[in-house]
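In what follows, a single structure is set out as structure tokens and then discussed.
A, B, ... follow the sequence lines: proteins, then strands. Residue 1 opens every chain.
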Number of protein chains: 2
Amino acid sequence: MTRPKRRVERRADLVEAARKAMLEHGASVRLNQVAEQAGLTSGAVLYHYPDLQDLLLDANRAGMERFYDMRVRAIEGIADPARRLIITIATGLPVDSEDDDVRLLCELGGAAARSTVYAALLTSLFDRQVAMYQVILESGSAQGVFALSGSSLLIARNLVALEDAYGYRMMARHPTIDHAAASRLILDYARLATGHPLPIDVEVG
Amino acid sequence: MTRPKRRVERRADLVEAARKAMLEHGASVRLNQVAEQAGLTSGAVLYHYPDLQDLLLDANRAGMERFYDMRVRAIEGIADPARRLIITIATGLPVDSEDDDVRLLCELGGAAARSTVYAALLTSLFDRQVAMYQVILESGSAQGVFALSGSSLLIARNLVALEDAYGYRMMARHPTIDHAAASRLILDYARLATGHPLPIDVEVG
DNA sequence: CGATCTTCTGAATTTGGGTTCAACAAGTGC
DNA sequence: GCACTTGTTGAACCCAAATTCAGAAGATCG
């Protein structure tokens, strides 16, 4: 029955199963729920991950990387700083209130206040996203298309902060804040901060 | 042993105990942990709250009201819109990374993605805070001290969003974002949005 | 094809928490 | 100071989940 899977691949499978299980049951997933999601018994999970916490940590780390990579990939190959900025804002928000990647990140927000490890993970994600925006802002500024209202660090932090917060609102199903509304709110700040009209009709495709 | 406490007072005690227990153990607190915090047995807790979820809900609701009331009280009696705005921004952030009220709200953020009830609570808190800012913005605009860059709803939403997000960052102990830094970041947006210098040296008293 | 390693199961065991309830202690009314 | 109500305990019980482990089922290699 057992296929010749490598240790590493098997652990990757479990990480994915743990991610799905967490989406369904929250941060306090049971070992059995992870096992069921993986189609295994709890013993098998324990064989690869003697401590469930380690598995959950890996799963969250993976989810974070996934979210970040998706954003980086969405703007690679695009030269115009204004388009890059608009697209980056769009990919920083959940696509809808069911967005799995963002759901996982929200779940983590609460845990971070109690867990040093998760706090460090989220802090690092925040800073990387800030750096991503800084690159866009600085390049736009250098090309003369952006007239920044303050330091790129300041503006980038506020942009990431706005994304985060509206992500939470969307996940909590705010009746009037959907992806389009949140985009408009953040873009409005981006216009003030860059002095660029940032036309919204640019297709994200 | 039993003191002549009224039903209502006793329930209030339990709500407070549940709040503390949640701060320590997260949204998935055990009945026993609440009981221990209250200095009672699980049976006694069940006597007053047959369903633990009801107790947790009450505790979270109480925490929210507490946070909101504190903010309202902080600006009552202050006439100058600029000062009101500055103080409101200051009270929207946790005082430090140990702030209990904000910690509870962060904890809720994750739960809201899965629980309709908590989602509704947080949404209503968000909207009330937005309304609070709108009143300040509109009155400042009417008095001619603010030159708003957009609708008061838009600006107010962004202000609350920034508060929320930096609250999360502070709770996760971001190394360079403390209360002062977060205030500066939000005030920078507030200046762009109101056209007012919003001097930071005004004492919050 | 036989020896051995890896992976996983199934059953047994332990742990931990929730639920129930008889009993009791402490107030309350009369 | 007797009868009743309220609040609470502690023990019994139940269930779900974690943990452990002997051994089966493949895979791997000689």
Side-chain angles (χ1 to χ4, degrees), chain A residues 1-60 62 104 107-108 110-111 114-115 117-118, chain B residues 1-60 62 104 107-108 110-111 114-115 117-118:
Chain A
M1 194 192 293
T2 310
R3 290 216 319 249
K5 291 234 171 194
R6 308 201 74 98
R7 202 179 177 73
V8 191
E9 295 169 16
R10 209 74 186 109
R11 279 171 69 103
D13 290 349
L14 287 181
V15 163
E16 180 57 20
R19 195 181 134 269
K20 284 184 184 152
M22 262 191 290
L23 285 168
E24 194 171 347
H25 303 103
S28 57
V29 224
R30 309 271 159 220
L31 173 61
N32 288 330
Q33 296 167 332
V34 175
E36 187 190 9
Q37 182 67 50
L40 296 173
T41 61
S42 60
V45 176
L46 246 31
Y47 172 78
H48 293 282
Y49 275 97
D51 187 347
L52 179 65
Q53 293 312 311
D54 294 342
L55 173 54
L56 297 184
L57 183 59
D58 279 359
N60 280 311
L104 211 54
E107 207 72 64
L108 242 60
R114 264 171 304 106
S115 150
V117 189
Y118 285 125
Chain B
M1 195 190 291
T2 310
R3 290 214 321 249
K5 292 235 170 193
R6 305 207 70 101
R7 203 178 178 74
V8 190
E9 296 168 17
R10 209 74 186 111
R11 280 172 67 104
D13 290 348
L14 287 181
V15 163
E16 180 57 20
R19 195 181 133 269
K20 284 184 184 152
M22 262 190 290
L23 285 169
E24 194 171 347
H25 302 103
S28 57
V29 225
R30 310 271 157 219
L31 172 60
N32 288 331
Q33 295 168 332
V34 174
E36 187 190 9
Q37 181 67 49
L40 294 173
T41 59
S42 60
V45 176
L46 245 32
Y47 173 78
H48 294 282
Y49 276 95
D51 187 347
L52 179 64
Q53 294 310 313
D54 294 343
L55 174 54
L56 298 184
L57 185 58
D58 279 0
N60 280 310
L104 208 55
E107 206 72 64
L108 239 62
R114 264 172 303 106
S115 150
V117 188
Y118 287 130

How long is the line joining [atom1] of [X] and [atom2] of [N], in whole Å?
X      : N       : atom1 : atom2 : result
L56(A) : dA18(D) : CG    : P     : 11 Å
L14(B) : dG7(D)  : CG    : P     : 11 Å
E36(A) : dT9(C)  : CD    : P     : 13 Å
E9(B)  : dT8(D)  : CD    : P     : 12 Å

Side chains of R10(B) and D13(B): does their closest heavy-atom pair fall under 4.5 Å?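 Yes, their side chains come closer than 4.5 Å.
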
Nearest to side-chain heavy atoms of L31(A), which nucleotide of dT19(C), dT19(D), dT9(D):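 For L31(A), the side-chain atoms sit closest to dT19(D).
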
Nearest-nucleotide pick for R10(A), side chain only, options being dG7(D), dC8(C), dA18(D):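 Taking heavy atoms from C-beta onward, the closest nucleotide is dC8(C).
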
Of T41(B) and R30(A), whose closest DNA chain D nucleotide lies nearer the 5' terminus?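 The 5'-side residue here is T41(B).
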
Please report the closest heavy-atom contact between L23(A) and R114(B), naming both atoms and the distance.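 Nearest heavy atoms, L23(A) then R114(B): O-CD, 3.9 Å.
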
Using a 3.5 Å cut-off and no angle test, enumerate the donor-acceptor pairs between side-chain atoms of residues 25-48 of chain A and protein atoms at least two apart in sequence or in another chain.
unit_1, atom_1, unit_2, atom_2, d
H25(A), ND1, A21(A), O, 3.2
Q33(A), OE1, R30(A), N, 2.8

Are OP1 or OP2 of dG18(C) and a side-chain N or O of N32(B) less than 4.0 angstrom apart?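 So the side-chain polar atoms of N32(B) do come within 4.0 Å of the phosphate oxygens OP1 or OP2 of dG18(C), strictly under.
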
R7(B) side chain near dT6(D) phosphate (N/O to OP1/OP2, under 4.0 Å):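 No.
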
Using a strict heavy-atom distance below 4.0 Å, which residues from residues 44-55 of chain B are in contact with DNA chain D?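 Listed by number, they are A44(B), Y47(B), H48(B).
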
Kindly list each side-chain donor-acceptor pair under 3.5 angstrom involving residues 50-59 of chain A, sequence neighbours excluded, with atom names and distances?
unit_1, atom_1, unit_2, atom_2, d
D51(A), OD1, Q53(A), N, 2.9
D58(A), OD1, R61(A), NH2, 2.5
D58(A), OD2, Y49(A), OH, 2.7

